[in-house]
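Below is one structure, written out as structure tokens; comments come after it.
Computed from a prediction, not measured in an experiment: that's the story for all the values here. Note that these values count all heavy atoms, side chains included, but never hydrogens, waters or copies made by symmetry. Quick note on labels: first sequence line is chain A, next is B, and so on, each numbered from 1.
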Amino acid sequence: MELKVVERSATAESRLTSAQSVEVQDKVRDHPCFSKDAHHHYARMHVAVAPACNIQCHYCNRKYDCANESRPGVVSELLTPELAVKKVLAVAAEIPQLSVLGIAGPGDPLANPERTFATFAELSEKAPDIRLCVSTNGLMLPAHVDQLCEHNIDHVTITINCIDPEIGARIYPWIFWHNRRIRGKKAAAILIEQQLKGLEMLAERGVLVKINSVLIPGVNDQHLAEVSRVVKQKGAFLHNIMPLIAEPEHGTFYGLMGQRTPTSQELNAVQQACANDMDIMSHCRQCRADAIGMLGQDRHAEFTLERIESLEIDHAAAMERRAQVRAEIERQRAAKRSRPQPPVLVSLDALTGAKPVPKSRPNDKHAAAPAVSLTKPGFKVAVASHDGQQVDQAFAEAQTFAIYQLDVAHAPRLLETRTVPAAGADLSAALAGVKDCGAVLCTRIGFDAWQQLEAAGIRPLSVQPGTSMRAALAQAQAETAAAITANLDALAPALSA
Amino acid sequence: MSYRITAACVNCWACEPLCPNEAVRAAKPHFVIEAARCNGCEGEFADPQCASICPIEGAILDPSGAPVNPPGSLTGIPPSAWSQVQQAIQAR
């Protein structure tokens with residue numbers, strides 16, 4: 001199994017392209033900020049219950065009250081948790097596409113833990129169908145990870161602009177930490193440490209973490225690819241690189257001091273530099289901390305407090321309606337998906353749910369184990385197929401596998417058709433039947449089989465039932481090539497060891 | 001002698017939960033420190049807590065009436081940059 005090491009780190013890799021893994025797909029299906037496709041269908045809202053902040057960023061002005069702007073940190077109306085819940089329920093009754101409630105400020109949700117968690121607690125009781133998420137600067141994240149998990153929050157966004165305190169000192173003038181205001185490099189070092197620790201803790205608990213980074217030309221533009229690499233390694237799911245917003249009239253440090261904003265070419269270039277390392281989000285609309293509606297749309301002005309107080313709402317009926325609207329949205333999306341299009345390869349390592357797959361480290365056993373030859377011509381893929389045309393079998397049922405030779409440079413070549421005992425009846429016999437292969441391609445795969453395939457160094461992959469063999473193999477080939485390229489760096493220490 | 005909150009306060013709530021003496025409370029048009037309760041955090045913390053988290057320059061005055069966080073001390077924005085922008089806006 002000469003590609004074992006490559007495949008190992010490749011699976012960690014593809015956990016991050018996991019807009020594609022089944023369980024992750026399920027989690028992001030209706031989250032407009034985590035799934036590019038979802039933002040065409042579902043709406044989100046933010047409630048401004050968290051006014052206090054514990055750090056200062058040079059792109060933020062804490063005199064935030066403004067009704068006419070659409071940018072992060074800006075709100076016009078601060079809400080108590082009680083009013084916030086009322087507002088969410090009113091919006092959810094009028095906009096049945098509402099799937100996500102986020103708390104994003106205008107300060108930091110975790111600098112206001114009582115208000116934030118009071119809001120979540122009441123909402124998870126009154127509108128359990130609405131997903132809850134937070135966007136935080138991360139300073140107080142490690143202290144609140146368990147509480148976030150208790151409230152069933154499965155999406156968290158952390159703003160990480162740098163992992164180097166020297167750079168951080170040019171972005172964050174101070175933080176409030178352990179009852180003191182701390183400045184400069186020391187402050188940035190504490191913030192970065194907490195952010196990365198919080199990220200790891202969330203990833204360990206299976207929470208999807210998106211990293212937001214503000215691209216600041218001349219400050220962190222050269223550094224964000226490194227940020228991407230590190231946050232991916234620590235388990236982040238998506239990296240969202242946003243352009244700095246800085247106008248003198250916003251009264252921010254960068255705005256007043258003439259810090260320039262990135263051009264769209266610069267933004268694209270940095271996003272591409274980071275894309276080698278993980279999924280990059282490209283549909284962010286940088287919305288207000290009290291935005292309501294579809295991304296890019298803001299209906300917050302329609303939901304004034306007076307109006308919310310005056311609305312009479314049948315909450316049970318509203319929830320029923322949301323369920324219907326969602327079913328219809330999903331029906332339409334499924335119909336669209338069933339039209340011919342490139343298959344989505346699913347890396348199954350995220351299927352275990354709660355806990356992400358351990359990542360290869362240069363010094364761990366897997367990475368140090370067998371000698372890796374990247375010059376070997378390729379590996380075999382066992383494709384679960386009845387008719388030899390389509391991927392149409394779950395691993396548990398499949399008894400006929402088409403064995404293809406796959407390598408980066410050539411078209412996939414059929415070597416043989418092989419009969420193997422069904423894994424559902426005899427898992428170890430099925431594993432023995434494909435033990436010379438580097439990957440198994442099927443429509444579905446159970447947890448045990450997945451684990452054992454992984455342990456044997458065989459990469460489990462799944463596609464939509466009925467995907468043509470050719471399309472699935474082409475995709476597997478492309479993904480493997482990308483994974484190998486992306487992992488050369490990670491492998492270097494193991495190879496030289 | 002007590003610390004004091006000025007009209008520059010933006011009502012962000014950051015100071016309120018930190019006060020060991022519950023001297024800070026929400027009020028209109030802005031938060032206030034009850035003089036009788038405030039002891040400047042003496043014996044409790046090295047620095048007065050409200051002034052250590054307050055993000056607004058000039059919003060909290062020390063017992064002598066001087067701003068704990070004078071202009072430029074928190075944002076790094078020199079006061080001259082502010083006045084230039086204000087002039088530019090007024091000229092429009």
So which part of [X] gets closer than 4.5 Å to some heavy atom of chain A, the side chain, the backbone, both or neither?
X	answer
B:A51	backbone
B:I77	both
B:A46	side chain

Kindly indicate whether a cation-pi arrangement holds for A:R115 with B:W13, taking the cut-offs as under 6.0 Å to the six-membered ring centre and within 45° of the axis.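 Flagged: A:R115 positioned over aromatic ring of B:W13.
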Who pairs with A:E114 by side-chain contact (heavy atoms from CB on, under 4.5 Å), at least two apart in sequence or on another chain?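 A:E114 satisfies side-chain contact (heavy atoms from CB on, under 4.5 Å) with no residue once adjacent residues are dropped.
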Under 4.5 Å from a heavy atom of chain B, the part of A:C53 involved: backbone
Min side-chain heavy-atom separation B:I53-B:L18 under 4.5 Å: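 Answer yes - side chains close enough.
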Does some side-chain heavy atom of B:L74 sit less than 4.5 Å from a side-chain heavy atom of B:N69?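 Sidechains of B:L74 and B:N69: in contact.
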So which of A:Q56, A:R183, A:R180, A:M257 has the biggest tally of heavy-atom pairs under 4.5 Å with chain B? A:R180
Picking from A:A111, A:G255, A:G251, which has the most non-hydrogen pairs under 4.5 angstrom with chain B?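 Highest number of pairs under 4.5 Å: A:G251.
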Sidechain N-carboxylate O distance under 4.0 Å for A:K197, A:E193: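 No, this pair does not count.
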